[in-house]
Protein chains: 2
Amino acid sequence: MQTFYDQQYSFRSPVTSADRVLVAVQKAIVEGDIAAGSKISEAGLAKQFNVSRAPLREALARLERCHLVERTPNAGARVVTLTYKSLIALYQIREELEGLACRLAAEQMADDEIEALSKLLEQHLENQRVREGESYYQEAGDVDFHYRIILASKNQYLINMLCDELYFLVRMYRVQLGMNGPRVSRAFDEHKAIITAIANRDGELADLLMRRHISASRKNIETKLQAHKEVS
Amino acid sequence: MQTFYDQQYSFRSPVTSADRVLVAVQKAIVEGDIAAGSKISEAGLAKQFNVSRAPLREALARLERCHLVERTPNAGARVVTLTYKSLIALYQIREELEGLACRLAAEQMADDEIEALSKLLEQHLENQRVREGESYYQEAGDVDFHYRIILASKNQYLINMLCDELYFLVRMYRVQLGMNGPRVSRAFDEHKAIITAIANRDGELADLLMRRHISASRKNIETKLQAHKEVS
DNA sequence: AACCTTTTTATTGTCGACAATTAAAGCTCC
DNA sequence: GGAGCTTTAATTGTCGACAATAAAAAGGTT
């Protein structure tokens with residue numbers, strides 16, 4: 001299943017070898033294959049991907065940009081660690097920016113775009129029925145949904161910030177802390193309500209609903225993070 | 001006058017030569033010494049700063065990060081051009097994010113920090129009286145003010161996005177399109193009202209006032225941009 | 001044995017050269 | 001003379017090696 005969000009960097013296909021490495025390392029960090037908090041060796045990763053250090057450093061710079069690694073001069077890069085504080089900070093920003101995106105989308109989306117988004121949601125519903133309980137496809141669907149609305153805002157900076165700089169971190173929290181149980185179906189309903197508001201060209205309501213949707217999602221992850229902390 | 005905003009990259013002093021080049025080129029672009037829309041030659045700039053292309057490319061990557069240049073694979077980097085559309089997009093985001101920053105600051109700033117910020121504003125007022133009509137110091141003061149509030153939000157991502165990724169572009173609009181006339185003194189009054197709201201721990205009002213402040217600033221630049229376009 | 005200093009090692013930052021790609025110039029053909 | 005193709009030139013992407021810095025190990029002192 002080729003999902004929308006598999007691409008990055010404003011949705012260009014990887015042309016340079018730095019792009020390829022970036023995509024691979026992004027995926028590895030998001031999915032936890034490279035442990036959170038671990039140090040990244042430039043020479044090591046370069047060897048692993050059969051490239052020189054130059055393109056790898058370019059990739060590292062972009063990984064820093066999407067907040068997946070933290071670099072300190074002359075000391076190298078470390079994979080970020082997921083914390084409660086970071087989660088709150090991230091979702092505070094998402095509420096504001098995706099709320100704005102939703103409002104702009106309600107004002108600017110073409111009728112057929114709204115129709116297409118509505119159909120996409122129906123597709124996700126099918127998938128959910130078929131794969132009850134399996135969380136990954138739902139996450140992909142959720143990300144797809146948010147991506148579409150962000151793109152519909154037509155705000156260049158907003159698209160860049162959310163899709164390129166913030167969403168990999170969001171996915172990292174989701175993949176590593178999961179989304180499942182009753183939250184999945186509730187998220188669907190919230191998506192549907194948001195689309196309805198957009199279809200009615202009610203930007204204010206769409207904004208509000210998106211903020212609540214994100215807030216609910218945050219609370220869900222918060223509890224998982226809490227449970228996760230208590231175990232370890 | 002050493003101003004607060006002269007530093008960058010989360011306020012670390014430039015240690016590597018890529019840092020030095022970055023600061024210099026940032027300044028050159030913001031102040032229009034490197035023309036908007038012009039192509040950047042890696043070899044040329046590298047020679048100009050007496051460094052090799054490696055640190056210069058690192059600097060370019062960060063310039064792209066703060067939206068001062070746009071890079072396309074195998075085609076190089078171009079300095080961004082200031083447009084009406086871009087201005088609107090930028091300020092839409094600023095309203096949301098700085099509004100949030102203001103709300104968080106109202107909740108979290110220590111009493112002595114508020115006191116210090118209030119005193120900073122008095123200092124700016126002195127400066128304004130002395131240098132009536134000269135816009136640069138006012139801008140520096142304005143940027144100082146916004147920086148303080150953003151930092152007070154204590155939200156790591158918010159600080160990074162606003163101070164590292166967006167504010168150079170904001171400064172570019174200000175420096176090249178200027179802020180002067182009655183807007184200067186009005187901005188002072190708005191700053192004062194915002195501090196008062198923060199001192200009263202009224203986050204909601206502080207949020208609202210900051211949004212209006214930014215909106216007013218946008219309208220001011222809009223008219224300048226309009227006039228500028230009509231001339232050229 | 002713990003602490004500080006010095007030496008060693010490893011890692012990051014920088015350089016110059018080469019390969020790959022794109023943009024420009026020149027040529028051919030209509 | 002202009003459109004399309006070919007060749008040339010210029011620019012970007014990548015590589016391996018060296019220099020500079022920081023972390024680790026060894027040594028000495030109290």
Side-chain angles (χ1 to χ4, degrees), chain A residues 7-26 28-29 34-65 67-81 164, chain B residues 7-26 28-29 34-65 67-81 164:
Chain A
Q7 310 161 46
Q8 84 302 320
Y9 217 56
S10 289
F11 315 109
R12 84 168 188 226
S13 49
V15 291
T16 174
S17 72
D19 290 337
R20 285 196 349 262
V21 173
L22 172 66
V23 172
V25 179
Q26 258 176 347
I29 292 178
I34 300 178
S38 64
K39 184 169 185 312
I40 286 184
S41 159
E42 291 186 1
L45 263 189
K47 198 173 179 185
Q48 191 173 329
F49 285 99
N50 275 77
V51 292
S52 109
R53 279 178 52 217
L56 186 115
R57 280 171 67 85
E58 170 82 28
L60 277 184
R62 295 191 209 160
L63 285 171
E64 184 184 29
R65 185 168 165 175
H67 307 280
L68 291 183
V69 307
E70 288 168 354
R71 294 199 302 171
T72 37
N74 292 316
R78 297 197 90 86
V79 179
V80 295
T81 52
D164 289 344
Chain B
Q7 310 161 47
Q8 84 302 320
Y9 219 56
S10 288
F11 315 111
R12 84 168 188 228
S13 50
V15 290
T16 174
S17 72
D19 291 337
R20 285 197 348 263
V21 174
L22 172 66
V23 173
V25 179
Q26 257 175 348
I29 291 178
I34 300 178
S38 64
K39 184 169 185 313
I40 287 183
S41 159
E42 292 186 1
L45 263 190
K47 196 173 179 184
Q48 191 172 330
F49 285 100
N50 276 77
V51 292
S52 110
R53 278 177 55 217
L56 186 117
R57 280 170 68 84
E58 170 81 27
L60 278 184
R62 295 192 209 161
L63 284 171
E64 185 184 29
R65 184 170 167 176
H67 309 280
L68 291 183
V69 308
E70 288 167 355
R71 294 200 301 171
T72 36
N74 291 315
R78 296 197 89 85
V79 178
V80 296
T81 52
D164 289 344

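Order of the sequence lines fixes the chain letters, A, B, ..., with proteins taken first and strands second; residue numbering starts at 1 for each chain.
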[X] side chain near [N] phosphate (N/O to OP1/OP2, under 4.0 Å):
X: B:K39; N: D:dA10; result: no
X: B:K47; N: C:dC15; result: no
X: B:R57; N: D:dG13; result: yes
X: A:S52; N: D:dT14; result: no
X: B:T16; N: C:dT12; result: no
X: A:S17; N: D:dT14; result: yes

Between [atom2] on [N] and [atom1] on [X], what's the gap in Å once rounded to a whole number?
X: B:E58; N: C:dT12; atom1: CD; atom2: C1'; result: 11 Å
X: A:L45; N: C:dT12; atom1: CG; atom2: P; result: 10 Å
X: B:R78; N: C:dA23; atom1: CZ; atom2: P; result: 10 Å
X: A:N74; N: C:dT14; atom1: CG; atom2: P; result: 8 Å
X: A:L60; N: C:dT11; atom1: CG; atom2: C1'; result: 13 Å
X: A:E42; N: D:dG16; atom1: CD; atom2: P; result: 15 Å
X: A:N50; N: D:dC15; atom1: CG; atom2: C1'; result: 13 Å
X: A:R20; N: D:dG13; atom1: CZ; atom2: P; result: 15 Å

* Asked: Between B:V51, B:N50, B:L22, which is the residue that forms a side chain to side chain contact (heavy atoms under 4.5 Å, CB included) with B:S17?
  ->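 Going through the options one by one, the only one that passes is B:V51.
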
* Nearest 0.5 Å please: distance from the CG atom of B:L60 over to the CD atom of A:E58. =>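 Reported to 0.5 Å precision, the distance equals 9.5 Å.
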
* Asked: Measuring from B:Q48:CD to B:I34:CD1, what's the distance to the nearest 0.5 Å?
  ->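 With rounding to 0.5 Å, CD (B:Q48) is 7.0 Å from CD1 (B:I34).
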
* Counting only heavy atoms not in B:K47, do more than 12 fall under 6.0 Å of its NZ? ->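 Not more than 12 within 6.0 Å, no.
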
* Asked: Which heavy-atom pair separates B:K39 from B:G76 by the least distance, and what is that distance?
  ->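 Distance-wise, the nearest heavy atoms are NZ-CA, 4.4 Å.
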
* Asked: Mapping A:P73 and B:I40 onto DNA chain D by nearest heavy atom, which one lands closer to the 5' end?
  ->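 Mapping each residue to its closest nucleotide by heavy atoms, the 5'-most match is B:I40.
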
